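The structure under discussion appears below in the form of structure tokens.
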There are 2 protein chains.
Amino acid sequence: MAATPKQLSARERILETASQLFYRHGFQAVGIDTIIAEAGVAKMTLYRHFAAKDDLIVAYLERSNQHFWSWLEGEIAGIDDPEARLLAIFDAVGRLVRSPQCLGCTFQATAVEFPNLEYRAHQVALAHKQALISTFRDLAERANLRAPAVLANQLLLLMDGAWVAARMFGPTNPATEVAAAAQALIAAQR
Amino acid sequence: MAATPKQLSARERILETASQLFYRHGFQAVGIDTIIAEAGVAKMTLYRHFAAKDDLIVAYLERSNQHFWSWLEGEIAGIDDPEARLLAIFDAVGRLVRSPQCLGCTFQATAVEFPNLEYRAHQVALAHKQALISTFRDLAERANLRAPAVLANQLLLLMDGAWVAARMFGPTNPATEVAAAAQALIAAQR
DNA sequence: GCCAAATGATACAGACCTGTCTATCTATAA
DNA sequence: TTATAGATAGACAGGTCTGTATCATTTGGC
């Protein structure tokens with residue numbers, strides 16, 4: 001039973017299937033055999049597109065990164081004021097962590113399953129977090145807040161705490177207060 | 001080469017070795033064979049003390065939980081004022097995440113490697129986080145802050161964000177601002 | 001319709017993992 | 001001295017995993 005329609009190319013079906021399985025169960029817990037069975041492709045097809053499982057993981061992470069930024073763009077589209085944009089981001093996070101399909105942050109999970117900082121997948125995850133800090137700092141600067149770099153770091157802690165709460169507690173988690181907390185941190189830098 | 005002194009009982013040597021390996025590399029990445037080789041015990045000795053690997057993991061988590069609360073007690077010993085105690089906790093976290101031997105929170109890693117909320121190890125991890133919320137709320141109440149339950153949740157997000165940063169970035173991480181952030185969140189509830 | 005490229009099905013090698021089993025050794029106490 | 005309990009060493013079963021190899025089949029471009 002293929003979980004993904006046959007219209008997609010083999011490569012896309014593999015990536016789509018791997019995304020759902022990796023996100024839900026983790027990288028080490030999901031084997032190649034499970035992925036090809038669910039995607040309905042042959043093992044050699046997978047290995048022709050991805051030289052090794054590590055390459056599939058990296059491709060999945062880069063795809064997830066793109067999806068994340070698309071989602072975020074959508075959540076703050078139409079908002080011009082930089083401070084309002086910051087608040088909208090944390091509003092969106094607060095809403096997302098309440099939904100049952102949210103299982104936290106896949107980049108956090110990557111850092112847990114691949115603790116070595118040198119490892120390729122860990123570096124992709126790290127780059128994602130650094131990009132978030134840059135985004136926060138940029139918005140804080142444009143909002144004329146007092147210490148943009150400090151605030152950017154603090155906001156990352158808050159966001160990551162929210163993802164942790166979603167994974168640890170499930171849909172009913174303490175991250176419901178994340179937007180109010182972000183507002184307090186921003187107000188402290190006004 | 002036994003990494004732990006022979007004076008300890010076999011059970012303690014197993015737990016001590018497993019602690020270091022599990023914390024550093026993760027649960028699935030560390031096999032029973034590695035643990036017994038490092039601890040210098042026979043395989044049957046391990047399986048006489050722990051019926052299965054899962055039981056060793058749970059025992060490790062409970063031991064880690066005890067160590068955590070001992071550490072926290074030590075960090076706030078001698079401080080009476082509840083608000084000062086809260087601040088001291090986040091000061092201590094901010095210091096800990098800068099040390100190279102800090103690799104984040106093992107309970108977060110547990111929730112990542114065992115996502116199923118029903119799983120025993122996940123529940124031990126969850127109980128640890130719930131106990132933290134209780135502690136925060138209790139201190140916030142005694143400090144006569146405005147919304148103790150809300151603040152407790154927000155502080156947990158902050159602390160978990162700090163642990164994530166330690167694991168993701170290494171010793172030079174954005175969690176250096178965690179104490180200042182906690183102070184801002186507390187001040188907002190004054 | 002044809003041909004080349006991509007994909008499917010499946011077996012297989014080699015490594016690793018958990019957990020069991022047996023047989024031997026050692027220390028302590030009666 | 002001897003009985004008992006616990007530890008040791010190592011083989012082993014049964015399963016899983018990644019990655020390779022082989023060969024039949026299907027698909028897409030012209």
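Keep in mind that the numbers below use all heavy atoms, side chains included, and drop hydrogens, waters and symmetry copies. Everything quoted here is computed from the prediction, not taken from an experiment. The chains referred to below are lettered A, B, ... by the order of the sequence lines, with proteins before strands, and numbering in each begins at 1.
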Practice task
Figure out the CD1/P separation between Ile35(B) and dT18(C), and round it to whole Å.
Solution key: 8 Å
Exercise for the section: Find the distance His25(B):NE2 to dC17(C):P and express it as a whole number of Å. Expected result: 13 Å
Handout entry: Value in whole Å for how far the C1' atom of dT16(D) lies from CZ of Phe27(A)
Key = 20 Å
Exercise for the section: In whole angstrom, give the distance that lies between atom NZ of Lys53(A) and atom C1' of dC17(D). Expected result: 8 Å
Problem - Interatomic distance, Gln28(A) CD vs dT16(D) P [rounded to whole Å] - result: 18 Å
Handout entry: Connected-component partners of Leu117(B) among ILVMFWY, side-chain separation under 4.5 Å
Key = none
Problem - Nucleic acid contacts of residues 42-52 of chain B, taken as heavy-atom distances under 4.0 Å to DNA chain C - result: Lys43(B), Met44(B), Tyr47(B), Ala52(B)
Fill in the blank from the handout: Separation of dC17(D) atom P from Asp54(A) atom CG, nearest Å, is 16 Å
Problem - Side-chain donor/acceptor of His128(B) to backbone N/O of Asn65(B), under 3.5 Å - result: no
Practice task
For His122(B) and Met168(A), indicate whether the former's side chain and the latter's backbone hold a donor-acceptor pair under 3.5 Å.
Solution key: yes
Problem - Pair Glu62(A)-Gln66(A), side-chain donor/acceptor within less than 3.5 Å - result: no
Exercise for the section: Take the protein atom CG of Leu56(A) and the nucleotide atom C1' of dC17(D), then report the distance between them rounded to whole Å. Expected result: 15 Å
Problem - Exceeds 12 heavy-atom contacts within 6.0 angstrom, atom CZ of Arg142(A) - result: yes
Practice task
Mind calculating the distance between CD1 (Ile32(B)) and P (dT16(D)) to the nearest angstrom?
Solution key: 18 Å
Handout entry: For Met44(A), the rest of its hydrophobic cluster, which grows through side-chain links under 4.5 angstrom
Key = none
